[in-house]
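Here's the structure, in structure tokens; my notes come after.
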Amino acid sequence: MEVVITALGPDNVGLADPIIHHVTGQGARITEIQMYDHDEEQLFAMLCRISIDQGHFKTLQSAMRQIGDQTGLAIRVWSPDRRKTPRLAICCTYVEHTPRAILESIRDGRIAAEASVILSNRKKLAPLAEEFDVPFHRIGDETGKADDAEMIRLLDQYDVDYVILARYMRVLPPSTCWQFAGGRIINLHHGLLPGFPGFRPYHDAFAARMLTYGATCHFIIPELDAGNQTINQRTFSVDPGTSLETIIARGEKENEPACLAEGVRRVVDREVQLHFHRVTARKRD
């Protein structure tokens, strides 16, 4: 059984020791470990991926809760193997087509998952949640600024396996990324990476006189400069002279939803995995 342990909290000495000692004492095999000390913020962050017997999972969870209480760390114990149907949190802002594609794919059986909650920093897409009978929570104020602590609380409340950023127009802070690290946060970028990053990839590609546009589905990781963890990319071509408005409309309505839906399917079906910030094809059992 694959298990991902994440720990985040105020920096101090010896924080990793009790975690490592416990998992190795239980006979676990460590397949990945990353630790970071953010000196300027006095913050400690850790990810440990292990392989253990499934019968030890609940004992491991209990032990990590105790270690968290003793050290002041926020420790999460998660496994992609713990349930047959993973639970998704779909995060969105204004654009409806992309989250709708995930909800329709789940409804139609193309994505073998459960839409457990929809989170948004705006209220616009509340009717979409009502249409698909999914709980909706607005986590933003009147300006759209998100309450990141409330987001984490709701992700825990709904016992979410994967966080899907379906055109969620807010940047997640590193603390959130660390607590759900290990390939649990999936983002849709409305441009082809690495060529067109940033907030206006359609505009940038149009200014470069491109005739091919695209979208990228990728894992989110805490270290922003670690590269592009691409799960899926999808493109479309246009004729010379096509207006920017037409390009954006086609991208938002057709290309982006299909790109994200296929990327989420690949993750849910365990076709790909994130290992040391690299996306690799998962070996079939």
Side-chain angles (χ1 to χ4, degrees), residues 1-9 14-36 44-89 106 109 111-117 152-164 175-186 219-222 229 231 264-285:
M1 181 184 198
E2 177 184 327
V3 176
V4 175
I5 301 172
T6 59
L8 181 78
L15 292 176
D17 293 347
I19 298 175
I20 301 302
H21 289 164
H22 179 83
V23 298
T24 54
Q26 295 297 312
R29 180 171 64 91
I30 297 177
T31 60
E32 177 182 356
I33 187 166
Q34 300 181 49
M35 286 183 284
Y36 291 86
F44 169 84
M46 172 184 175
L47 178 147
C48 182
R49 192 187 306 271
I50 64 174
S51 178
I52 64 167
D53 184 271
Q54 189 169 357
H56 292 164
F57 184 69
K58 290 189 179 297
T59 301
L60 179 64
Q61 285 181 311
S62 177
M64 291 301 114
R65 280 194 295 268
Q66 294 179 29
I67 293 173
D69 292 340
Q70 295 167 3
T71 60
L73 294 173
I75 301 180
R76 283 174 172 75
V77 180
W78 172 76
S79 172
D81 302 319
R82 65 178 180 154
R83 53 169 62 107
K84 184 177 181 180
T85 304
R87 298 168 61 86
L88 309 184
I106 292 173
I111 294 177
E114 172 190 337
S116 298
V117 64
I152 291 175
R153 188 190 71 78
L154 288 166
L155 294 176
D156 286 339
Q157 175 184 321
Y158 285 92
D159 195 19
V160 166
D161 291 295
Y162 297 103
V163 182
I164 313 301
S175 59
T176 301
C177 296
W178 267 114
Q179 293 181 79
F180 295 89
R184 298 183 66 184
I185 307 178
I186 302 166
F219 288 115
I220 290 286
I221 61 173
Q229 287 65 40
I231 303 167
V264 171
R265 186 204 62 77
R266 290 179 181 181
V267 174
V268 167
D269 287 352
R270 307 292 303 283
E271 291 183 3
V272 297
Q273 61 184 357
L274 187 66
H275 188 65
F276 281 107
H277 291 346
R278 297 177 67 90
V279 177
T280 61
R282 182 172 179 266
K283 295 181 181 180
R284 293 295 184 180
D285 297 331

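Note: hydrogens, waters and symmetry copies are ignored here, and every other heavy atom, side chains too, is used.
For residues 51-65, no residue pair satisfies the salt bridge (Lys or Arg N to Asp or Glu O under 4.0 Å) rule, not counting sequence neighbours. A ring pair (Phe, Tyr, Trp, His ring centres under 6.0 Å) check over residues 62-83, counting only residues at least two apart or in different chains, returns the pairs W78-Y162. Residue pairs satisfying the salt bridge (Lys or Arg N to Asp or Glu O under 4.0 Å) criterion with at least one member in residues 70-80, sequence neighbours excluded, are listed as follows: R76-D156.
The two atoms that bring R82 and V160 nearest to each other are NH2-O, 4.0 Å, heavy atoms only. Residue A28 comes nearest to I52 through the heavy atom pair CB-CG2, 3.1 Å, listed as atom of the first residue, atom of the second, then distance. Across V268 and A112, no two heavy atoms sit closer than the pair CG1-O, 3.2 Å.
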Given V264 and I164, is the side-chain contact (heavy atoms from CB on, under 4.5 Å) satisfied, shown in steps?
CA-CA 8 Å; V264 171; I164 313 301; 4.0 Å; yes
How far apart are the C-alpha atoms of I33 and M46, what are their side-chain angles, what is the distance that settles it, and do they pass the side-chain contact (heavy atoms from CB on, under 4.5 Å) test?
CA-CA 7 Å; I33 187 166; M46 172 184 175; 3.9 Å; yes
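Between atom CD of residue Q157 and atom CD1 of residue I152 there is a gap of 14.0 Å, rounded to the nearest 0.5 Å. Separation of atoms OG (S116) and CG (L155) is listed at 10.5 Å; rounding is to 0.5 Å. Note: L15 CG to T71 OG1 = 6.0 Å, rounded to the nearest 0.5 Å. If you take OG1 on T6 and CH2 on W178, they are separated by 9.0 Å, rounding to the nearest 0.5 Å. The CD atom of Q179 lies 10.0 Å from the CZ atom of R184; values are rounded to the nearest 0.5 Å.
Under the side-chain hydrogen bond (donor to acceptor under 3.5 Å, both in side chains) criterion, R278 pairs with no residue, sequence neighbours left out. When the side-chain hydrogen bond (donor to acceptor under 3.5 Å, both in side chains) test is applied to Q273, no partner is found at least two apart in sequence or on another chain. Scanning for side-chain hydrogen bond (donor to acceptor under 3.5 Å, both in side chains) contacts around R49 gives E2, E32, with sequence neighbours left out. Applying the salt bridge (charged side-chain N to carboxylate O under 4.0 Å, His left out) rule to R265 yields the partners E262, D269, E271; only residues at least two apart in sequence or on another chain are considered. Shown here are the side-chain hydrogen bond (donor to acceptor under 3.5 Å, both in side chains) partners of R83, two or more places apart in sequence or in another chain: D159, D161.
Contact of the Y36 side chain with the L47 side chain is not registered, since no non-hydrogen atoms from C-beta on lie closer than 4.5 Å. You'll find the side chain of M35 reaches within 4.5 Å of the side chain of F44, heavy atoms only. Side-chain contact check for F219 versus I231: some heavy-atom pair is nearer than 4.5 Å. V3 has its side chain within reach of L60: a pair of non-hydrogen atoms, C-beta onward, lies under 4.5 Å apart.
Exactly one residue among T176, V163, I185, L274 makes a side-chain contact (heavy atoms from CB on, under 4.5 Å) with I220. That residue is I185.
For the pair Q229 (side chain) and V279 (backbone), a donor-acceptor distance under 3.5 Å is absent.
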Name each donor-acceptor pair under 3.5 Å that joins a side chain in residues 17-27 to protein atoms two or more places apart or in another chain, with its distance.
residue: H21; atom: ND1; partner: D17; partner atom: O; Å: 3.4
residue: T24; atom: OG1; partner: I20; partner atom: O; Å: 2.8
residue: T24; atom: OG1; partner: H21; partner atom: O; Å: 3.2

